[in-house]
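First the proteins, then the strands, lettered A, B, ... as listed; each starts at 1. Everything numeric in this text was worked out from a predicted model, so none of it was measured.
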Amino acid sequence: MIRLVLRRLLVAIPTLLVIITLSFFLLRAAPGGPFTEARRLPPQVLANVERMYHLNEPVWDQYGRYLTHILRGDFGPSYVYRSTTVNALIEQGLPVDLTIGGFALGLALLIGMPLGMLAALRQNHAWDYVSMAGAMAGISVPNFVVAPLLILLLAVKAHWLPAGSWSNGAPDHMVLPVVTLALPLIAYVARLMRGSMVEVLNSPFIRTARAKGLPERTVILRHALRPALMPLISFLGPAVVNTLTGSIVVEEIFGLPGIGRFFVDGALNRDYTLVMGVTILYAMLIIAFNLIADVLYGVLDPRVRQQ
Amino acid sequence: MLRGASRRRPIAERAGLSGRRPGPRCLLVVMAAVLLSACSSASGPVAGPLYRYVVSDRPAPAAMQVLRRRVAETPRTLDPSLATDTMSTDVIEDLFEGLVTLSAGGKLIPGVASSWSISPDGRTYVFHLRPSARWSNGKPVTAADFVYAWRREVNPNTAAQYAQSLARIVNAQAIIDGHKPPDTLGVTALSPHTFEVRLVHRTPYFLSMLFNTYYMPLYPPAIRRWGMAWTRPGHLVSDGAFYLASWVINGHLTLKKNPYFWDAAQVRLREEIYYPVPSASSALARYFAGDLDFVGTPAFPPSDVGWLRRELGNQVRVASMYGTAYLGMLIHKKPFDNRDLRLALTMALNRRVLDDKLMQGMDTPAHSLFPPLPGFVRRSPAWAHWPMAKRLAVARRLYHAAGYSRAHPLRVKLLYMIEGVHTRSYMEAVATMWHQALGADIILRQEQWKVMLQDIQYKNAKLYWDAWIGDYPSPYTFAHQFVKGFVMNYGDYDNPAYQAVVKAAVAEPNRARRYALYAKADAILNHDAPFIPLYFYNANELVKPYVAGYRPNVLNLHLARYMWIRQHSLRQP
């Protein structure tokens, strides 16, 4: 297990380097720069601005400087938010995404797992059809449809909940974004859970357990649940990352100060350092959560541990 | 030379949509519009029973004096020297006060300077600062704070994008260019409350620029102590009606009343909260949900004005703004080096139809450059008053004279930005009109904003969408766009007669005579047609009926020091 972790961490270094290098040069190859504005800057002013951010140096020097800075954990100053560093922006935005993402995932597990299990146990009965149809709808309806609908019904019409903004994480402001993010996740979790549960329930060792005369409760909770969780674990690793990076639309609609908006704004405004910072952060998150999923897999499944 | 333009808006925003980003947002606008109009039709054509308030003339209790307003995007900085976007300048205008400021109606009034005198040659200004002016920490605002701020603006190490705005001050250009040290700038603190400015030339509109952020004073100890982080809450010291209480980038920005402000007795708001809401549909939803009191322009796409008026009545505010949208052209390159062709194209556009059908009457058709300004009579070209049939006949004749016909049509690319749903339909309508009237083949090409800017600036674009929002209420801010050598004269217009008139106007101290000269400049532009005017901007905003002190003004600046909340309740439907 430790060897697995070490190997994966070692592989992560060149992976990150490739990502950094590619995005560094791709960004600079995009037409227009951070200081291309409707009002073109007079040459001397532009020179002053570029000198301040070392944009006047050869691109390889900039690249080398950037690498040494990120080794120290310094993502540099933002070019567009001119009084702020990228680190400060990420420190401010990441907790927002982690909070709503965390709650959404929690909600998904809390609702999706029992839903899927019940569907599997009542296979091909009304409950199964209803919950799976609901899950299908949850997966197919995109969040940019769900969110305005929720806003229209619960905020505009009923005045129960605010239509947006973060308000330092006030619970009533969190409800709609969390629900929006959670709905498709609940659906995914429920479907995955149902599928794997059905498979496990049909496997020989469950038949054995039942043949031994164990009560159904014990069969499900002690014997079926653990193997049935395996696909869910491998889903959760990328799902955490997807929830964090995919919350851009939700952030946009509800006006949340997460990092997703920095990513989009940064790319469109050619805020090189901001985009790089968020890209590297996303890359590290993807690597980390995939690793965590693999480790958990090993913990739950002795077969993986032995390999 | 005038180079200042803190209020130059990003093109996408000027297109009427706040969004600068493509993708999901365009969808959202449509989506929510559909959803919301569904809700509006449910409540019938009677003027908005759901959103009618009972409002009294008395102010609401102090605890309720909180104004929640939307900014189209998160302000990029609160450093007055570095601000370039309107979102930042809107907030900074509430935080800081310059030598002069604006009244609720947008008139220039004394700010930190209670009075001033101008030397007979118009080149030396002496400002007398009010002794009662205070920073938000209680320290007095002094002439030295202005000296510090203005030197910082032109200092190359500050790398201020609008440093050039101060170029009319003695030595400013040399300092920006790195030839002289910042302390040689032509500004002096004659005494703690007397501030002198020396200009290179007479500049009649100098005073009218001084409300801009780059002319505001700064509190030097805060900047020395905190460096780049001086604009964070707790560090930022301001001299305006409000101080910064909290700022979550992309989240919210809370200003609280500055008890030390010299005119604090007149400020009724306790708190002002800015929410950056990029998408117009989200802003609408939050306005309807009662989370926002004031949604600044552009509050909604023109296509929504009908049902919004039905639903909200006079909460929908449309006011003229100091801006013009036009199509720019490279006039020294084929095919637009031909004046006949340029005139044919501009004449063949039926702006009345474009305005009525596409903009829902939300903008004003433009046939010339200078937007309406009190006291200024603009010169529309003679053809603007002809019946459309005659205009088309003349346009066709000019088109043929330029060597084009249905058999040999003009083929040219028209460049505009991806951002903004209605810009696209507007451009499609323009292309169709030209095709129908003249047979011209217009290839529409959309680009992302930054890409398009680069294409315009590197002169890869021959015909492109462009616009200008005035920085200060003087026709010069527009006239300047077409002066030879100005960085933004992207079309390379170059007419000595025009430049002579503009130069004479700049030096003319008498307003009536100055405006007459600008009218002459307008006429020269109409004759040369170096661009195709489309429309004058109108601001569209949503203001709850209980918000007092909101007054439409030409610069579209709404300072919170004049606003307050009336006692109100939502009438039960």
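- Side-chain N or O atoms of B:Ser88 include one that pairs as donor or acceptor with a backbone N or O of B:Thr77 at under 3.5 Å.
- If you measure heavy-atom distances from A:Ser78 to chain B, you find no contacts under 4.5 Å at all.
- Not counting sequence neighbours, the partners of B:Arg445 by the salt bridge (charged side-chain N to carboxylate O under 4.0 Å, His left out) test are B:Glu447.
- Within the 4.5 angstrom heavy-atom criterion, atoms from both the backbone and the side chain of B:Ile176 approach chain A.
- No side-chain donor from either of B:Thr231 and B:Trp247 sits under 3.5 Å from a side-chain acceptor of the other.
- Considering only heavy-atom pairs separated by less than 4.5 Å from chain B, the leading option among A:Ala155, A:Gly255, A:Gly164 is A:Gly164.
- With sequence neighbours excluded, the residues forming a salt bridge (charged side-chain N to carboxylate O under 4.0 Å, His left out) with B:Lys459 are B:Asp492, listed by chain and number.
- Neither the backbone nor the side chain of A:Tyr53 comes within contact range of chain B; no heavy atom of the residue lies under 4.5 Å from a heavy atom of that chain.
- One side chain, A:Tyr63 or A:Thr21, offers a donor N or O that lies under 3.5 Å from an acceptor on the other.
- At a 4.5 Å heavy-atom cutoff, the contact between A:Leu256 and chain B is made by backbone atoms alone.
- Residues of residues 86-103 of chain A that come closer than 4.5 Å to chain B, counting heavy atoms only, are A:Leu89, A:Gln92, ordered by residue number.
- Of the two parts of B:Ala283, neither the backbone nor the side chain holds a non-hydrogen atom closer than 4.5 Å to a non-hydrogen atom of chain A.
- Distance alone, capped at 3.5 Å, is enough to place a donor-acceptor pair between the A:Arg261 side chain and the B:Asn250 backbone.
- Interface remark: B:Asp455 contributes no atoms to any contact with chain A (heavy atom separation under 4.5 Å).
- For the residue pair A:Trp160 / A:Asp172, no side-chain donor-acceptor distance below 3.5 Å is found, with atom types taken as modelled.
- Your options are A:Val49, A:Leu46, A:Ile151, A:Leu161, and the one with the most heavy-atom pairs under 4.5 Å with chain B is A:Val49.
- In this structure, A:Arg270 has no salt bridge (charged side-chain N to carboxylate O under 4.0 Å, His left out) partners at least two apart in sequence or on a different chain.
- For B:Asp177, the parts lying under 4.5 angstrom from a heavy atom of chain A are both the backbone and the side chain.
- Here the side chain of B:Gln448 pairs a donor or acceptor atom with the backbone of A:Leu268 at under 3.5 angstrom.
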